[in-house]
Amino acid sequence: MSQFAEIQYGDKSYKLPVIVGTENEAAIDISKLRDESGLITLDIGYKNTGATKSAITFIDGDEGILSYRGYSIEQLAENSTFMEVSYLLINGELPTAAQLESFNYSISRRTLVHENIKKFLDAYPGGTHPMGVLMCTVASLSSFYPNSLNPNRSSEEVDRTIHRLIAKMGTIAAWTYKKSTGHPYMYPNNKLDYVSNFLQMMFGHRTEEYVPDPVVVDALNKLLILHADHEQNCSTSTVRIVGSSHANIYASVSAGIGALWGPLHGGANQAVIEMLEQIKADGGDAMKYINKAKDKNDPFRLMGFGHRVYKNFDPRAKIIKVACDQVLNKLGINDPILDIAKQLETVALSDPYFIERKLYPNVDFYSGIIYRAIGIPTDMFTVMFALGRLPGWIAQWKEMREGNEPIGRPRQVYIGHPAREYVPITKR
Ligand code: CMC
């Protein structure tokens, strides 16, 4: 097959190179098109635009395939830990035992946050959404580590900043929860692994020793792994584009947290549970809500359904569904919300509206039910997503910087008023 595509415009034709990825994904390289023809391409929402070449995550949306650095999500979720996967995403290879130990050590000795962070947290009004707090606190880390603001520093300095961010994000996330309950903040216990330490900062109390349940640790490891990267999604693209201006990593990740917050992205996990609660309170009639979702005059959407890339099934949802049943069984929890979720899934999957539009349950459909089962409150769900997505954001930020990518700056087609003369206010 030819390695170029041809565009006919006016009486001229333009040959454009075709780039083929390792999994045979082909893309037309249009970077010189404007210079040669004056044309730009228009793709609102970047539905068909590759923003970069990346060696981190591969998704085949039609086949329901997701892999990190070549390793399938199924194998990683089954066998790995969140820290090992973080190392893999950021460094490109699975670590040896010694490399993982040193990675864990470097992270665990940085989990403490500056005491002044507590003052920020205390100053927020009650009921503040924890995503807003997380976003601001991560951005605030930049004021405590001015030496790491320049993204062009040595690779050792960049690594230290990355480890610091992974370490402190767990503490900050858990403290946003403690702030909401009014309980004293729990300090990190660096003898524990990352997930157990996070759980003890969330659910531990100074009055007694907290021993994390291995079932919960395992489920949380899986959830974090499943969320760890998802190529050029909304928040990751945000991190890359902010970082492309050479903004520091705290500012870039903080912007990504903001993008993740929205209910069409990471905020969907909170929206799913709220929707299921609403259906339950309304008598549990799943069909009524399916019809609402199908009604073009009703803005209601079935949260946790549909995905920009997956048009067959979301492999993460498949793994989570099994994990969800396991966790509920092992913890002996009977959640009526789960019955409504299953009912909704069955009805939607056999309805022509959803079949024709290839709308399937996504990762957020079941993750909220597990979070609920392990005691994480609904408004913390998206914080959990952010915690999981962090190594992906970091890996993508690093790849973008190391590849010396130019500043992200899309073009537009202007559709406003043509040029006109200014009219003084007295004559309008
Ligand atoms: N419920 C009802 N209809 C839907 C839904 C839904 N959840 N999702 C898409 N549609 C319809 C939409 O109305 C449109 O119909 P039509 O062709 O008749 O106009 C068609 O399906 C295509 O939708 P779209 O909005 O053009 O698709 P998109 O690729 O721009 O949006 C999405 C993808 C995930 C934003 C969207 O499916 C959605 O809003 N889902 C609910 C929110 C959600 O669960 N988000 C989490 C995504 S997974 C976690 C993550 O990675 O962030």
Side-chain angles (χ1 to χ4, degrees), residues 45-46 49-59 66 68-69 82 85-92 130-142 145 148-153 155 157-170 172-173 224-269 308-309 363 382-410:
Y46 312 118
T49 294
T52 191
K53 290 189 270 180
S54 178
I56 302 172
T57 288
F58 173 70
I59 299 177
L66 168 63
Y68 303 155
R69 303 280 189 188
F82 179 54
V85 168
S86 300
Y87 183 101
L88 169 70
L89 285 167
I90 294 166
N91 298 297
M131 279 298 274
V133 178
L134 183 71
M135 188 178 169
C136 296
T137 315
V138 166
S140 302
L141 288 177
S142 57
Y145 303 98
S148 58
L149 296 192
N150 179 355
N152 297 320
R153 290 182 77 88
S155 62
E157 181 67 47
V158 170
D159 278 353
R160 205 171 308 133
T161 304
I162 287 172
H163 296 177
R164 185 184 293 133
L165 184 52
I166 295 175
K168 293 189 190 335
M169 184 107 148
I172 296 167
L224 295 174
I225 290 171
L226 293 177
H227 285 90
D229 195 46
H230 214 233
E231 47 118 307
Q232 308 310 315
N233 57 84
C234 177
S235 56
T236 302
S237 299
T238 302
V239 170
R240 285 184 86 124
I241 213 160
V242 172
S244 76
S245 74
H246 294 199
N248 65 76
I249 195 164
Y250 304 116
S252 307
V253 166
S254 169
I257 296 171
L260 188 75
W261 193 356
L264 297 190
H265 191 12
N269 53 16
R308 171 62 61 78
V309 182
V363 67
T382 316
V383 169
M384 299 306 296
F385 193 154
L387 204 60
R389 184 56 52 89
L390 180 64
W393 287 333
I394 291 172
Q396 301 268 354
W397 180 91
K398 200 166 169 248
E399 182 180 68
M400 182 270 309
R401 293 288 312 126
E402 287 171 356
N404 267 325
E405 289 190 12
I407 186 165
R409 203 300 187 186

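All figures in this text were calculated on a predicted structure; none of them were measured in a lab.
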task: Kindly compute the distance separating CD (Gln232) from OG (Ser237), expressed to the nearest 0.5 Å.
output: 5.0 Å
query: Within a strict 4.5 Å, meaning less than it, do heavy atoms of the Arg160 and His163 side chains meet?
result: no
- prompt: Which residues pass the ring pair (Phe, Tyr, Trp, His ring centres under 6.0 Å) test with Phe82, sequence neighbours left out?
  reply: Tyr194
- line: Taking every heavy atom of Pro130 against every heavy atom of Val383, the minimum-distance pair comes out as CB-CG2, 3.8 Å
Which residues share a ring pair (Phe, Tyr, Trp, His ring centres under 6.0 Å) with Tyr87, sequence neighbours left out: Phe103
- prompt: Quick one: which of Leu390, Ile257, Ile249, Val133 gives a side chain to side chain contact (heavy atoms under 4.5 Å, CB included) with Val138?
  reply: Ile257
query: Does any non-hydrogen side-chain atom of Leu66 lie less than 4.5 Å from one of Phe58?
result: no
query: Thr236: what forms a side chain to side chain donor-acceptor pair (under 3.5 Å) with it, not counting sequence neighbours?
result: Asn233
All side chain to side chain contact (heavy atoms under 4.5 Å, CB included) counterparts of Thr49, not counting sequence neighbours: Asp43, Tyr46
- prompt: Would you say the side chain of Leu264 lies within less than 4.5 Å of the side chain of Arg308, judging by non-hydrogen atoms?
  reply: no
- prompt: Is it true that a side-chain atom of Tyr68 and a backbone atom of Asp229 form a donor plus acceptor pair closer than 3.5 Å?
  reply: yes
statement: Value for OG (Ser86) from CD1 (Ile394), rounded to nearest 0.5 Å, stands at 8.0 Å
- line: Sequence neighbours excluded, the answer for side chain to side chain contact (heavy atoms under 4.5 Å, CB included) partners of Ala395 is Ile56, Leu89, Ile90
task: Using salt bridge (charged side-chain N to carboxylate O under 4.0 Å, His left out) as the criterion, list what pairs up with Arg164, not counting sequence neighbours.
output: none
- prompt: Do Ile172 and Leu141 have side-chain heavy atoms sitting under 4.5 Å apart?
  reply: yes
message: For the backbone of Ser54 and the side chain of Glu399, can you confirm whether one donor and one acceptor N or O come within less than 3.5 Å of each other?
response: no
field: side chain to side chain contact (heavy atoms under 4.5 Å, CB included) between Leu134 and Met169, worked out
entry: CA-CA 8 Å; Leu134 183 71; Met169 184 107 148; 4.2 Å; yes
field: For the student: nearest non-hydrogen atoms of Ile241 and Ser244, plus distance
entry: O-OG, 2.7 Å
- prompt: Does a side-chain heavy-atom distance below 4.5 Å link Tyr145 with Lys168?
  reply: yes
message: Are the side chains of His227 and Leu387 in contact, using a 4.5 Å heavy-atom criterion?
response: no
message: Which residues pass the side chain to side chain donor-acceptor pair (under 3.5 Å) test with Arg69, not counting sequence neighbours?
response: none
Side chain to side chain contact (heavy atoms under 4.5 Å, CB included) partners of Glu231, counting only residues at least two apart: Thr57, Ile59
- request: May I ask you to decide if Ala259's main-chain N or O and His265's side chain share a donor-acceptor pair within less than 3.5 Å?
  value: no
- request: Could you pull out all residues at least two apart from Glu405 that satisfy side chain to side chain contact (heavy atoms under 4.5 Å, CB included)?
  value: Thr52, Arg240, Met400
field: Those residues that, when tested against Arg389, pass salt bridge (charged side-chain N to carboxylate O under 4.0 Å, His left out) (two or more places apart)
entry: none
- request: List the atom of Trp393, the atom of Ser235, and the distance in Å for their closest heavy-atom pair.
  value: NE1-OG, 3.1 Å
task: Please report the C-alpha distance between Val239 and Gln396 in whole Å, then the side-chain angles of each, then the deciding distance to 0.1 Å, and finally whether the side chain to side chain contact (heavy atoms under 4.5 Å, CB included) criterion is met.
output: CA-CA 8 Å; Val239 170; Gln396 301 268 354; 5.8 Å; no
- prompt: Residues two or more places apart in sequence or in another chain: which of them pass side chain to side chain donor-acceptor pair (under 3.5 Å) with Ser252?
  reply: Trp397
- request: Could I get the full list of side chain to side chain donor-acceptor pair (under 3.5 Å) partners for Thr382, not counting sequence neighbours?
  value: Asn269
